[in-house]
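Just below is one structure, and these are the notes that go with it.
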Amino acid sequence: GHTRAFIKVQDGCDRQCAYCVIPKARGRSRSRAQGSILAELQALGAAGYKEVVLSGINLPSYGKDTGADLTGLIEACAGVAGIERIRLGSLEPDLLTDRDIARMAACKKLCPQFHLSLQSGCEATLRRMRRTYTAAQYALVVDKLRAAYGGAASFTTDVIVGFPGETEADFCESMAFVERQRFLKVHVFPYSSRPGTPAASFPGQLPEAEKAARVHRLQTLADGVRAGLIGAMLGARDEVLLEKPLSSNLFTGYTRLYVPVAVKAPGGRPGQIVTARLQSWDGERCRAEALPG
Ligand code: SF4
């Protein structure tokens with residue numbers, strides 16, 4: 001629909017998470033040159049795209065091999081004519097410094113919605129996963145981001161359940177952590193063994209039925225949190241980028257906080273950004289109405 005474009009700016013990863021094949025399959029972190037990214041973005045802006053999602057395998061590593069940095073890239077992207085909104089793909093939380101957070105919050109085109117990779121909210125499981133942060137450190141980054149946006153930020157994440165050795169108590173610790181972070185959306189995955197990774201030979205592999213049951217429990221909890229957060233937004237206004245027309249005056253789109261909406265916008269067109277009031281939530285999308293002006 002020429003409204004939102006995805007640009008891959010980084011590939012590969014220097015980390016060694018116990019369950020992941022990417023470092024072996026894709027090699028070390030490599031960054032695309034900023035000039036090439038900006039040239040593509042200028043072409044997209046000229047073609048009518050209003051929103052860009054910067055993505056990468058380990059996005060905050062952007063520039064570590066070239067002397068650039070992700071926040072500098074975001075600031076440069078914000079200067080491209082026609083591009084009104086910038087979003088970021090998945091972020092490793094421990095790579096965001098206080099300075100990054102302050103600079104990101106100062107960039108008004110950057111939507112205040114962050115996908116911070118979690119994987120588990122259980123400290124012991126994170127260690128076995130060989131993740132490089134603790135749950136407490138993760139929570140601190142979320143708190144700092146929330147504070148930088150005066151509370152008006154949203155968070156999404158990925159969680160793996162049924163990692164080898166994850167006990168019922170570990171899983172409950174992870175669930176409680178996820179509930180406390182008040183994520184707008186959680187993608188829950190059952191652990192899937194990848195040949196050649198350390199975790200594939202860890203003891204304590206869980207039966208598929210138990211993993212499926214944990215996926216259901218966590219997803220149900222996360223969906224309830226999502227409904228509560230979105231319910232609390234009803235009546236509020238937010239900017240929506242009109243995307244796919246559902247009828248002559250109804251469009252799909254997302255708010256800056258990444259709430260999916262079906263917005264009534266008579267006379268609107270895909271690619272237009274309107275201010276809309278959120279009216280109701282059907283479990284999939286908010287109904288919203290564009291406000292005059
Ligand atoms: S899970 Fe992410 S951070 Fe960990 S090794 Fe894989 S790509 Fe890198």
Side-chain angles (χ1 to χ4, degrees), residues 6-32 37 53-66 68-71 73-74 87-97 100-101 104 113-142 144-145 155-166 170-171 174 177-178 181 183 185-202 204-206 211 214-215 218-219 222:
F6 291 79
I7 299 192
K8 189 167 182 179
V9 302
Q10 180 275 340
D11 201 357
C13 184
D14 297 341
R15 298 199 153 172
Q16 298 290 333
C17 299
Y19 52 82
C20 183
V21 290
I22 283 176
K24 229 182 228 175
R26 309 293 276 268
R28 294 186 66 80
S29 177
R30 300 169 310 280
S31 307
R32 188 172 160 192
I37 296 166
V53 184
L54 305 178
S55 72
I57 296 290
N58 188 339
L59 190 56
S61 298
Y62 177 80
K64 300 225 181 299
D65 54 331
T66 59
D69 67 81
L70 181 62
T71 40
L73 176 66
I74 296 166
R87 292 189 196 274
L88 303 176
S90 183
L91 299 168
E92 292 291 296
D94 56 311
L95 291 175
L96 293 182
T97 65
D100 291 332
I101 291 171
M104 283 159 63
Q113 173 252 322
F114 300 95
H115 187 89
L116 291 182
S117 178
L118 175 64
Q119 309 309 350
S120 175
C122 164
E123 300 287 12
T125 306
L126 283 172
R127 280 196 299 276
R128 284 200 315 285
M129 286 178 163
R130 301 181 188 167
R131 299 290 285 168
T132 47
Y133 51 83
T134 64
Q137 286 166 337
Y138 182 101
L140 194 58
V141 173
V142 171
K144 285 178 180 177
L145 278 163
F155 298 88
T156 56
T157 199
D158 300 313
V159 178
I160 297 170
V161 303
F163 188 73
E166 184 189 69
D170 290 341
F171 175 64
S174 188
F177 182 85
V178 168
Q181 300 314 307
F183 291 110
K185 192 167 178 66
V186 182
H187 302 273
V188 185
F189 300 95
Y191 167 72
S192 174
S193 175
R194 298 281 185 253
T197 60
S201 52
F202 282 179
Q205 304 281 332
L206 274 77
K211 289 190 245 178
R214 291 184 186 182
V215 168
L218 182 54
Q219 194 68 68

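Just so you know, ligand 1 is whichever comes first in the structure, and atom 1 is the first atom listed for that ligand.
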Under 3.5 Å donor-acceptor, Arg131 side chain and Gln119 backbone: no
Over 12 foreign heavy atoms within 6.0 Å of CZ, Arg194: no
Any Leu118 side-chain heavy atom under 4.5 Å of Gln181 side chain: no
Any donor-acceptor pair under 3.5 Å from Ser29 side chain to Cys13 backbone: no
Atom NZ of Lys24 with >12 non-hydrogen neighbours under 6.0 angstrom: no
Check: Phe114 and Met104 side chains under 4.5 Å, non-hydrogen atoms: yes
Sorted by chain and number, the residues that approach ligand 1 to under 4.0 Å with a heavy atom: Cys13, Arg15, Cys17, Tyr19, Cys20, Ile22, Pro23, Ile57, Glu92, Arg131
